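None of the values given here were measured: they were computed from a predicted structure.
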Number of protein chains: 2
Amino acid sequence: MLTAQRKAHLLARLSRTGRLVAADEARALKLSEDTIRRDLRDLAAEGLLLRVHGGALPLSPTHTPLSTRATLHPALKDRLAARAAAMIRPGQTVILDGGTTHLALVRALPEGLCATIVTHSPVIAAALEPHAGIAVLLIGGRLFRHSMVTTGAVAAEGFARLRADLCFLGVTGLHPDAGLTTGDAEEAAIKRALLAAAGEAIVLATPDKIGTASPHIIGPLALVSTLVIAAEGPDPGLWPCGTSSVPEILRV
Amino acid sequence: MLTAQRKAHLLARLSRTGRLVAADEARALKLSEDTIRRDLRDLAAEGLLLRVHGGALPLSPTHTPLSTRATLHPALKDRLAARAAAMIRPGQTVILDGGTTHLALVRALPEGLCATIVTHSPVIAAALEPHAGIAVLLIGGRLFRHSMVTTGAVAAEGFARLRADLCFLGVTGLHPDAGLTTGDAEEAAIKRALLAAAGEAIVLATPDKIGTASPHIIGPLALVSTLVIAAEGPDPGLWPCGTSSVPEILRV
DNA sequence: CGTTATCATGCAGGATCATGCAACCATGCT
DNA sequence: AGCATGGTTGCATGATCCTGCATGATAACG
């Protein structure tokens, strides 16, 4: 087996099992532990895994998905969230997608705001507890754990039965060709239901999402009426400006 | 198990259960207490937890203030919760009402348990995030802020459409004459829907609820098959023992 | 105040690691 | 063909880390 091939094998195994024990891999591949150790050392130097005594662990701990995602760009998310919170007018019905940016939006809501918020995220709903003036409509369904939102036919039906003024949509990719994308097919379907239920759609996009695409397409960028991005992010001129149906872009 | 992995495991467990007892972890991981103690000491040195006599506590801003949990001794609610968690068998479908006692139940669930949990509480649903083996069905509806559960026709319909093996019901009063009671009419109606959807109902009752009644009646005590109460609580002989349809009483 | 549990420390055995060295192989050049 | 070169592998060695046990110190509790 080639060295590079073996390293790829180790990485694949690591991401599958969540840990690597050097001695076990040596036995499995019929090689000395020294060789495995050297591989692990190289991979760690490349930043592809975390070397620990006895083996290796994946860099992105799989056990804390949401809590670590929340600490990604906290200050930036708060800026986007503050701008978004100001877009909600009293009395409006607003759909809030899941995600840490929208969680920041909840925290940025002005005290005493009277509005109706519809969400399929239990985390968002729980965070709305202190906002006495806000009526919360929670959309039920099977919980999709990775994003912590409900999905499936029940959730879709819940959104189909209502009309909202605004919708804050979460996406994992904004791409000139692929449009709005996300990582899961079921989730993409629900997001389409969100869009269909709202008169106006707003996307808060951290810089890492701009210009990227995820596997599952929600729809074209034109579905979004307003895009809130960071002032220091990529130049939106790089992507589909010039077309008539482009979303309005707010830089904060 | 790798040392670094074990430390991550301890941290994850701590953030989930809110408390670590060194001796328990040693037994669970089949290692000496010395090793666990060393792990905890290292983690404390890194500022990742608060070391206390007998175990460790989280120092991240947990929602319940630290003063209320500054002791390792399991609070009363946690004792009830641990007993209740042991009543859930793998594969069962369980309805979980809202409330802090049931939140403690979620934290007391054994790791890796495979079951389906149905709830109308976004807080409960959010707390189930780390339990990868548990399928969560969230019942939607209008959020009743005081109890942080959904209520109304939509929620009732959600429960009407399913059958569960078990139901953990939250009440604010258990009274020989009034039966099971709660503080809100809508909530009482939903609780009846919970009971109707489950084959067996269990109530975890802290001592302050026993012998009291709230304005809105859910139903007679006989609807409950098992009652879990604190060993040091009021003598259940004070209330409707002797009748044939009384719930089984577990004192912990 | 006494009992019990928990803790810190030192030590020993074993596992794991980094380093240097030699053997081996493929490749390219003379 | 003959040789140099670079890369890979296995082994030996001393260093380092992890773990369990023993010991005395300390904290919790009645």
Exercise. Thinking salt bridges, do Arg13(A) and Glu25(A) make one under a 4.0 Å N-O criterion?
Worked result: yes

For this session: State, to the nearest 10°, the angle formed by the axis through the first five base pairs of the helix from dC1(C)-dG30(D) to dT30(C)-dA1(D) and the axis through its last five.
Result: 30°

Exercise. Is there a donor-acceptor contact under 3.5 Å linking the side chains of Ser214(B) and Thr182(B)?
Worked result: no

Exercise. Can you find a side-chain donor-acceptor pair between Glu187(A) and Thr151(A) that sits under 3.5 Å?
Worked result: no

Exercise. Regarding Lys77(B) and Thr206(B), is there a side-chain donor-to-acceptor distance under 3.5 Å anywhere?
Worked result: no

Exercise. Is Arg27(B) paired with Glu33(B) through a side-chain N to carboxylate O contact shorter than 4.0 Å?
Worked result: no

For this session: Using heavy atoms and a sub-4.0 Å distance, could you list which residues of residues 32-39 of chain A are near DNA chain D? By number, please.
Result: Ser32(A), Asp34(A), Thr35(A), Arg38(A)

Exercise. Do the side-chain N or O atoms of Thr3(B) get closer than 4.0 angstrom to the phosphate oxygens (OP1, OP2) of dT19(D)?
Worked result: yes

Problem set entry | Selection from dT9(D), dC18(D), dA8(C) that lies nearest to any side-chain heavy atom of Arg51(B) | dA8(C)

For this session: From the options dG10(D), dA28(D), dT19(D), select the nucleotide whose nearest atom is closest to the side chain of Leu31(B).
Result: dT19(D)

For this session: Choose from dT9(D), dC17(D), dA18(C) the nucleotide whose nearest atom is closest to any side-chain atom of Arg41(A).
Result: dA18(C)

Exercise. How close do Val224(B) and Leu227(B) get, heavy atom to heavy atom, and via which atoms?
Worked result: CG1-N, 4.5 Å

Problem set entry | Touch class at under 4.0 angstrom, heavy-atom based, for Val52(A) against every strand present | sugar-phosphate

Problem set entry | Rounded distance (nearest 0.5 Å) linking atom NZ of Lys7(B) with atom CZ of Arg38(B) | 11.0 Å

Problem set entry | Sidechain N-carboxylate O distance under 4.0 Å for Asp78(B), Arg19(B) | yes

Exercise. Please give, in whole Å, the distance from dT8(D) P to Lys30(A) NZ?
Worked result: 23 Å

